[in-house]
2 protein chains.
Amino acid sequence: MKQSRNRKPSGTMPSVLDPDQQICRSLYSAANALIRTYRPLLEPLGLTYPQYLVMLALWEKDAVPVTRICRRTRLETGTVTPILKRLEGKGLITRGRSDTDERQRVIELTRSGRAMKAQAESVPVDMACMALLTPEEGRELQRLTETLYERLIEHQAKA
Amino acid sequence: MKQSRNRKPSGTMPSVLDPDQQICRSLYSAANALIRTYRPLLEPLGLTYPQYLVMLALWEKDAVPVTRICRRTRLETGTVTPILKRLEGKGLITRGRSDTDERQRVIELTRSGRAMKAQAESVPVDMACMALLTPEEGRELQRLTETLYERLIEHQAKA
DNA sequence: GATTGATATATTGTGCACAATATAATTGCA
DNA sequence: TGCAATTATATTGTGCACAATATATCAATC
């Protein structure tokens, strides 16, 4: 592992509490840095990354309940509800009520929200152009993070 | 890639906007889920994960300026300063001033903060016991996230 | 058809995460 | 010496992220 910024003296006893050994720090800082990198690409759309994630879910399938948005974005309702309100405020979605189940909202794209999809197509393209990872590295990283995610959810379900 | 929760009809045109294709979502949701999993392990210490990260930095090297904490945690000063205030409030650290440079703080562990280190040793152990990833998977994941992080920082420096 | 339990969403409170900006001390150097 | 540029930290404002809790509707069953 590279430690260009924190070389240890050779012969140092490795500690389980060494920050450089923390997989979670690596994962966390990479995720934060990646979202920071999305920012300028999303700025023309006026979206944050979590807002973009919600829009992706809706471009995939429109007129869905909040539950589905949570499932596809992997965020909790307490996170998603305020995001939906902001997207409504921007005029990108509506938050109607289901006819068959008064508890359920039906989240629908407005014309403006639908129109944004075309503009958004450039975001993954621009991101890919940065060539941050090779295609193989990208696939491997996604495979590993998906594995980890699944096991964490599974573990969480047991507790 | 597994898509147990969102099978697409075979022959569906793959979209660059498909949520399941987003490496960033995989990374983000795995990082969030991992930090959630740390929570019960850190609860006996009364720490959040970012607070724990700061403590790791101080257990590695005590009596350091804020800059070093930022570097080792990979968090910004705007994030770290309030965390340091909370840790000070818990009686784990002090935030003195440097004699040689009045701008600089010297962040030092208190006796209580130093004592916590022994208790914290069990956290990585308990985490490892969950066997979320094999040692090889763990190493590979850390290698890839470190690579990504470095390239993102590099890219950010250019802009 | 009333009650019990489950489900869908919303609210509240705490703690990040960071950009932008402010403040203050130090350093360089004209 | 004086002052411009740099550096260290703090502050402000916005938007997550989530646990815990609340509320309202629906479903099941007695």
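A note on names: the letters A, B, ... follow the listed sequences, proteins ahead of strands, and every chain is numbered from 1.
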Could you tell me the separation between the [atom1] atom of [X] and the [atom2] atom of [N], rounded to a whole number of Å?
X        : N      : atom1 : atom2 : answer
B:Asp99  : C:dT26 : CG    : P     : 11 Å
A:Glu102 : C:dT7  : CD    : C1'   : 15 Å
B:Leu42  : D:dA19 : CG    : C1'   : 15 Å
A:Gln104 : D:dA27 : CD    : C1'   : 14 Å
A:Arg36  : C:dA20 : CZ    : P     : 13 Å
A:Tyr38  : C:dA19 : OH    : P     : 17 Å
B:Ile107 : D:dT9  : CD1   : P     : 8 Å
B:Ile35  : D:dC18 : CD1   : C1'   : 12 Å

Which atom names give the shortest non-hydrogen contact between [X] and [Y], and what distance separates them?
X        : Y        : result
B:Met55  : B:Leu47  : CG-CD1, 4.0 Å
A:Arg95  : A:Leu84  : CD-O, 3.9 Å
B:Ala120 : B:Pro124 : O-CD, 3.2 Å

May I ask you to verify whether the side chain of A:Arg103 and the base of C:dT7 hold a donor-acceptor pair under 3.5 Å? yes

Taking 4.0 Å as the cut-off, does a side-chain nitrogen or oxygen of B:Arg39 come that near to OP1 or OP2 on D:dC18? no

Start at the 5' end of DNA chain D and walk down; is the nucleotide closest to B:Ala33 or to B:Val64 reached first? B:Val64

Result for 5'-nearest mapping on DNA chain D, choosing between A:Glu76 and B:Thr67, is B:Thr67

Determine, stepwise, if the pair A:Gln156 / B:Arg36 fulfils side-chain hydrogen bond (donor to acceptor under 3.5 Å, both in side chains). CA-CA 9 Å; A:Gln156 184 175 309; B:Arg36 239 179 286 143; 3.3 Å; yes

Ring geometry between A:Tyr49 and A:Tyr38 (parallel below 30°, tilted from 30 to 60°, perpendicular above 60°): tilted

Treating primed atoms plus P, OP1 and OP2 as sugar-phosphate and everything else as base, which nucleotides of nucleotides 10-16 of chain C get B, S or - for protein heavy atoms under 4.0 Å? BB---SS

Would you please test B:Glu146 and B:Arg74 for salt bridge (Lys or Arg N to Asp or Glu O under 4.0 Å) and show each step? CA-CA 12 Å; B:Glu146 286 293 310; B:Arg74 298 180 175 173; 3.0 Å; yes

Check this for me: does any side-chain nitrogen of one of B:Arg68 and B:Glu60 sit under 4.0 Å from a carboxylate oxygen of the other? yes

Nearest-nucleotide comparison on DNA chain C, the residue closer to the 5′ end among B:Thr100 and A:Pro65: A:Pro65

